[in-house]
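Here the structure is laid out as structure tokens; the discussion comes afterwards.
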2 protein chains.
Amino acid sequence: MLYTVGEMAKKLGVAPSTLRYYDQEGLLPFVERSSGGIRVFKDSDYEWLQVIGCLKKTGMQLKDIKSFIEMAMQGDETIEPRLALIVKQKESVKAQIAELEETLRTLEFKQWYYETAKKTALPPFRGIWHLTNCRSNFEKCV
Amino acid sequence: MLYTVGEMAKKLGVAPSTLRYYDQEGLLPFVERSSGGIRVFKDSDYEWLQVIGCLKKTGMQLKDIKSFIEMAMQGDETIEPRLALIVKQKESVKAQIAELEETLRTLEFKQWYYETAKKTALPPFRGIWHLTNCRSNFEKCV
DNA sequence: TTTTGACTTAAAGGTGACTTTAACTTGTAT
DNA sequence: ATACAAGTTAAAGTCACCTTTAAGTCAAAA
């Protein structure tokens, strides 16, 4: 199965210009061209693009994704550094999750605060600190 | 306790230029000035800045944080929309966590793949699909 | 009082990731 | 054969978020 840039973009849910930009930036060295110069995407290219998408979701920059793709194109001799990079990204994603969970807890406290303020028509906490599940690093209740 | 822009920046772990930029963008309407025009940060301003930091961590844009701050400056009459916004951000953060957890699972599979490839010096999966904990939305093993 | 370091502003510069534009080409459908 | 949608490129534009620069001011210490 073969695809034009527009078809592949649709399949991925991105703009065609995004794929052209990635190609220009050297992220798509695997994509071939027709005799007339038109990009021809294969199913295996879709899988490459899924890898790019996965790395992007980890917050990796395009230039680093490019390096990864270049390594992968080299073949099995680059398995070690690629593995190292995957492990590094795993740790990064774990840290991002931990930070978002902390942020979530802060938001939950703020929600509780606003809901209490609404009910009582007064700021909460008039000597009831010990009753609340409030956060140790307590912040201004805005 | 009072702070200059440099001291507050240090306390927050950001560049002084960042605080000046936020002020310029209208995110810090609460910060007062000395007679000579120097910004004077109070402890309560630190707490405002923590709120800004929290919202930034949810991925909110500066212009939306500005709206939130402006509402909070209005007082209790804006509690309802502020609560709604907090709840919305909570959902957004939950979705971000879910996506990162999915990404993490993909990375874990890739790590397993590379480690197996290293051991066997051959790509994994030669009829052993059913033995693996591999992902249903299987991707090219790059 | 003078020095010195940190402050002030407006304006320009930088970065990352695209998107848009303009002029042109390709390739399929009638 | 011709039209036409969708492809091509280089270059410029956009957006969010800062950072840097330049020229000048403030205020605490020597």
Side-chain angles (χ1 to χ4, degrees), chain A residues 1-42 45-46 48-69 89 92 96 99 103, chain B residues 1-42 45-46 49 51-69 89 92 96 99 103:
Chain A
M1 192 64 181
L2 300 176
Y3 311 86
T4 65
V5 69
E7 288 161 350
M8 183 54 81
K10 199 163 200 176
K11 207 163 142 74
L12 289 162
V14 303
S17 62
T18 305
L19 292 184
R20 292 197 189 100
Y21 171 68
Y22 285 3
D23 196 9
Q24 185 179 307
E25 293 300 297
L27 272 80
L28 316 183
F30 42 82
V31 174
E32 294 181 18
R33 302 287 185 126
S34 75
S35 54
I38 305 255
R39 289 179 190 84
V40 179
F41 290 77
K42 305 177 289 295
D45 296 345
Y46 175 70
W48 278 101
L49 285 162
Q50 301 236 101
V51 172
I52 290 173
C54 172
L55 293 178
K56 244 182 80 62
K57 281 182 183 172
T58 71
M60 195 184 277
Q61 300 200 67
L62 294 189
K63 61 170 186 278
D64 297 320
I65 296 177
K66 180 186 171 182
S67 308
F68 183 86
I69 297 288
Q89 285 315 108
S92 161
Q96 290 175 57
E99 181 160 47
T103 300
Chain B
M1 192 66 179
L2 300 176
Y3 311 85
T4 65
V5 68
E7 288 161 350
M8 184 53 82
K10 199 163 200 176
K11 208 163 140 72
L12 289 163
V14 304
S17 62
T18 305
L19 292 184
R20 294 198 188 98
Y21 171 68
Y22 285 3
D23 196 8
Q24 185 180 305
E25 294 300 299
L27 272 79
L28 316 183
F30 43 82
V31 174
E32 294 181 17
R33 301 286 185 126
S34 77
S35 55
I38 305 259
R39 290 179 189 84
V40 180
F41 289 78
K42 308 178 288 296
D45 296 345
Y46 176 70
L49 285 162
V51 173
I52 291 173
C54 172
L55 293 178
K56 244 181 79 62
K57 281 181 184 172
T58 71
M60 196 184 276
Q61 295 198 27
L62 294 189
K63 61 171 186 277
D64 297 320
I65 296 177
K66 180 187 172 183
S67 308
F68 184 85
I69 297 287
Q89 285 315 107
S92 161
Q96 290 175 56
E99 181 159 47
T103 300

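The sequence lines fix the lettering, A, B, ..., with proteins before strands; numbering per chain opens at 1.
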Touch class at under 4.0 angstrom, heavy-atom based, for [X] against every strand present:
| X | result |
| --- | --- |
| B/S17 | base |
| A/Q61 | sugar-phosphate |
| B/E25 | nothing |

On DNA chain C, compare the nucleotides closest to A/T18 and B/E7; which residue's is nearer the 5' end? B/E7
Does A/A15 or B/R33 map to a spot on DNA chain C nearer the 5' end, using the closest nucleotide for each? B/R33
Strictly below 4.0 Å: does [X] bring a side-chain N or O up to OP1 or OP2 of [N]?
| X | N | result |
| --- | --- | --- |
| A/K56 | C/dC18 | yes |
| A/R39 | C/dT25 | no |
| A/S34 | C/dG27 | yes |

Could you tell me from which nucleotide to which nucleotide of DNA chain D, 5' to 3', there is an atom under 4.0 Å from chain B heavy atoms? D/dA16 to D/dA27
Please set out all donor-acceptor pairs under 3.5 angstrom arising from side-chain atoms of residues 23-33 of chain A, sequence neighbours excluded.
| residue | atom | partner | partner atom | Å |
| --- | --- | --- | --- | --- |
| A/D23 | OD2 | A/R33 | NH2 | 3.3 |
| A/D23 | OD2 | A/R39 | NE | 2.5 |
| A/D23 | OD2 | A/R39 | NH2 | 3.4 |
| A/R33 | NH1 | A/G37 | O | 2.9 |

To the nearest 0.5 Å, atom CG of A/L62 lies from atom OH of A/Y21 at 5.5 Å
Does a donor on one side chain and an acceptor on the other come within less than 3.5 Å for A/Q96 and A/S92? yes
